[in-house]
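The basis for the numbers below is simple: all heavy atoms, side chains too, and nothing from hydrogens, waters or symmetry mates. In what follows, residues are counted from 1 in the order of the sequence shown.
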Amino acid sequence: MHTHLRMGGILFLLVGMVYSPATAQVPVEVTLTIEDTTAHYIRIEMQIPAAGEDSLEVKMPVWIPGSYLIREYERHLIDFQAATPDGKPLRWKKVRKNTWRIYTSGNDWINLRYRIYAFDPSIRASYVDGERAFLNPSSLILFARGQVGRPYRLKLIGPSSWRKISTGLRRLPGNEWLFEARDYDELVDCPIEWGNQEVFTFEIEGISFELAVAGRGNVRPDTLVPYFERIVRATLDLMKTAPFDRYVFIVQLRRRGSGGLEHRNSCVIQTNRWSFQPGKRFLGFLGTVSHEFFHAWNVKAIRPYPLGPFDYDRENYTTLLWIAEGFTSYYGPRILLKAGLLPQTRYLQRLERAIQSYLRTPGRKVQPLAEASFDAWIKFYRPNENSQNTTISYYSKGALVALLLDLLIRHQTEG
């Protein structure tokens, strides 16, 4: 299927749209328990349908969509057990690094139980301590081969002092700790911030938005809301329609480190707790916000065909990350400009610096954009002392290609 979408001057021609699998009726039941905040352990219990199968293979993803590097989440899984619904142990063996084969003995359901060591503070994995938990389901919850399209029901059990959960998952009526995903792809695409984060809500054009701020920094979290509102309004005005009816911004203030990761109706942004002063650092933070929010359209709703439905066992190759990330890098500052948060002179200075940086990179003459995208798994996330000479960033060069296309279209169509 070819899809055309006008985006502020650029005409996208991408293959593939939103994947909507036929949903099975019976959900996989998952109970996630914060077992030990000091040792950073999470206990997972699962009930998986197995009717008609002599054996069932369950798998742990080896990567998280949006971050193109094999992460090997299965290395944190211990104490794997399989049993019948009445608790009788089932025979099993590990057949691949991320795959366990359970011999069902003719049972219609199997129960799994295992633990995850969760002490990775990045946006790509899971973390637990005495104050909060950040959960990426891709690093926690298994799936049965052939059952990715089955719905998931997730129950959370944790410290009674943790009162707030921020996630794009749907909360089931009558139980604030019970959530549901249409399928495994949706479950994986909905990270969870859990603790006592500060939460603010607002509504724009009938869409509800949530801003969850975990941690403390040199800002009062409530003062961030107007900036998020302006970014949202500018983006909705640019794109005209939204691919979601609810959206969650999860912001984590940390002692060190920064970054962002997009999801279908949420995003996670990590920033240094002192990022909000002076103004130049704050603009950098707002740039991450606009970039991750724009991803809800570019790479989530509209995406290269290989990026959904996902293969969680191995690399998912595409030559179009320069559109997915590069065009988003172009529109992030454009949205800040449109929102009145980035002065025009600074915007032009950014373009100037981007062009100068590109011209100073010898790798621009060596690596084409399509190759930079395809090799992201082995090169972009693993730079070395020679990378500047042999590679080019699909973010930065992709953004310049977007600029050139935008200027060309505006010129040829007289605006």
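Note on Arg410 versus Asp406: salt bridge recorded, some NZ/NE/NH1/NH2 to OD/OE distance being below 4.0 Å. A salt bridge links Arg170 to Glu186: at least one charged side-chain nitrogen sits closer than 4.0 Å to a carboxylate oxygen. For the pair Glu210 and Arg246, the salt-bridge criterion is met [side-chain N within less than 4.0 Å of a carboxylate O]. Using a 4.0 Å cut-off between charged nitrogen and carboxylate oxygen, Asp183 and Arg150 do not count as a salt-bridge pair. Using a 4.0 Å cut-off between charged side-chain N and carboxylate O, Glu262 and Lys300 make no salt bridge.
Counting heavy atoms from C-beta outward, Asp185 and Phe310 have side chains that approach closer than 4.5 Å. In this structure, the side chains of Val232 and Ile204 come closer than 4.5 Å at one or more pairs of heavy atoms. Contact check for Val188 versus Tyr312: side-chain heavy atoms found under the 4.5 Å cut-off. By the 4.5 Å heavy-atom criterion applied to side chains, Lys365 and Pro362 are not counted as neighbours. At least one side-chain heavy atom of Leu341 sits under 4.5 Å from a side-chain heavy atom of Tyr227. Taking 4.5 Å as the limit, every side-chain heavy atom of Val28 sits out of range of all side-chain heavy atoms of Gln47. A heavy-atom distance below 4.5 Å is not found between the side chains of Asn265 and Val248.
Side-chain contact annotation: Glu325 with His295, donor-acceptor N/O pair under 3.5 Å present. Of the N and O atoms on the side chains of Ser166 and Gln197, at least one donor lies less than 3.5 Å from an acceptor on the other residue. Side chains of Ser138 and Asn136: no donor on one and acceptor on the other come within 3.5 Å. For the residue pair Ser126 and Ser139, a side-chain donor N or O sits within less than 3.5 Å of a side-chain acceptor on the partner. For the residue pair Asn272 and Ser258, no side-chain donor N or O sits within less than 3.5 Å of a side-chain acceptor on the partner.
In plain terms, the two heavy atoms of Arg303 and Val299 that are nearest each other are CB-O, 3.3 Å. Contact record, Trp92 with Gln81: NE1-CA, 4.4 Å, taken as the closest heavy-atom pair. Heavy atoms only, all atoms of each residue included: Val366 and Asn389 are closest at CG2-O, 3.5 Å.
Counting non-hydrogen atoms of neighbouring residues, nucleotides and ligands closer than 6.0 angstrom, the OH atom of Tyr117 exceeds 12 such neighbours. Crowding of Lys164 atom NZ: a count of heavy atoms from other residues, nucleotides or ligands under 6.0 Å exceeding 12.
Taking the six-membered ring wherever Trp is involved, the centroid distance between the rings of Phe80 and Trp100 falls below 6.0 Å. For Phe134 and Tyr127, the ring centers sit 6.0 Å or farther from each other. Side-chain rings of Phe249 and Tyr247 approach one another, their centers coming within less than 6.0 Å. For Tyr152 and Phe179, the distance between ring centers is not under 6.0 angstrom.
Although no hydrogens or angles enter the test, the distance criterion places a donor-acceptor pair under 3.5 Å between the side chain of Thr167 and the main chain of Pro191. A side-chain donor-acceptor contact under 3.5 Å links Ser393 to the backbone of Ser396. Side chain of Thr99 to main chain of Val95: no donor-acceptor pair is present (N/O by atom type, distance under 3.5 Å, no hydrogens or angles). A donor-acceptor distance shorter than 3.5 angstrom exists from the side chain of His40 to the backbone of Val128, with no hydrogens or angles considered. Without hydrogens or angle criteria, Ser266 side chain to Gly168 main chain gives no donor-acceptor distance under 3.5 Å. No side-chain donor-acceptor contact under 3.5 Å links Glu315 to the backbone of Asp375. Judged by distance alone, the side chain of Ser55 and the main-chain N or O of Tyr103 form no donor-acceptor pair under 3.5 Å. Ser67 places no side-chain N or O within donor-acceptor distance of the main-chain N or O of Ile64, the cut-off being under 3.5 Å. At distances below 3.5 Å, at least one donor-acceptor pair connects side-chain atoms of Gln147 with backbone N or O atoms of Pro49. Formation of a donor-acceptor pair under 3.5 Å by the Thr104 side chain with backbone atoms of Glu53 is found in this model.
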Step-by-step salt bridge (Lys or Arg N to Asp or Glu O under 4.0 Å) determination, Glu176 to Arg171: CA-CA 7 Å; Glu176 60 181 326; Arg171 183 180 267 112; 5.6 Å; no
Go through Phe285 and Ile269 one step at a time and tell me if the side chain to side chain contact (heavy atoms under 4.5 Å, CB included) criterion holds. CA-CA 9 Å; Phe285 167 75; Ile269 298 166; 4.0 Å; yes
Under the criterion ring pair (Phe, Tyr, Trp, His ring centres under 6.0 Å), I'd like the reasoning laid out for Phe244 against Trp297: C-alpha separation, chi angles, the key distance, then a yes or no. CA-CA 10 Å; Phe244 48 78; Trp297 287 266; 5.6 Å; yes
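Shown here are the ring-ring contact (aromatic ring centres under 6.0 Å, His included) partners of Tyr68, two or more places apart in sequence or in another chain: Trp377.
Applying ring-ring contact (aromatic ring centres under 6.0 Å, His included) to Tyr394 and the options Phe380, Phe327, Phe374 leaves one that passes, Phe380.
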Enumerate, atom names and distances included, each donor-acceptor pair closer than 3.5 Å involving a side-chain atom of residues 349-360, sequence neighbours excluded.
none

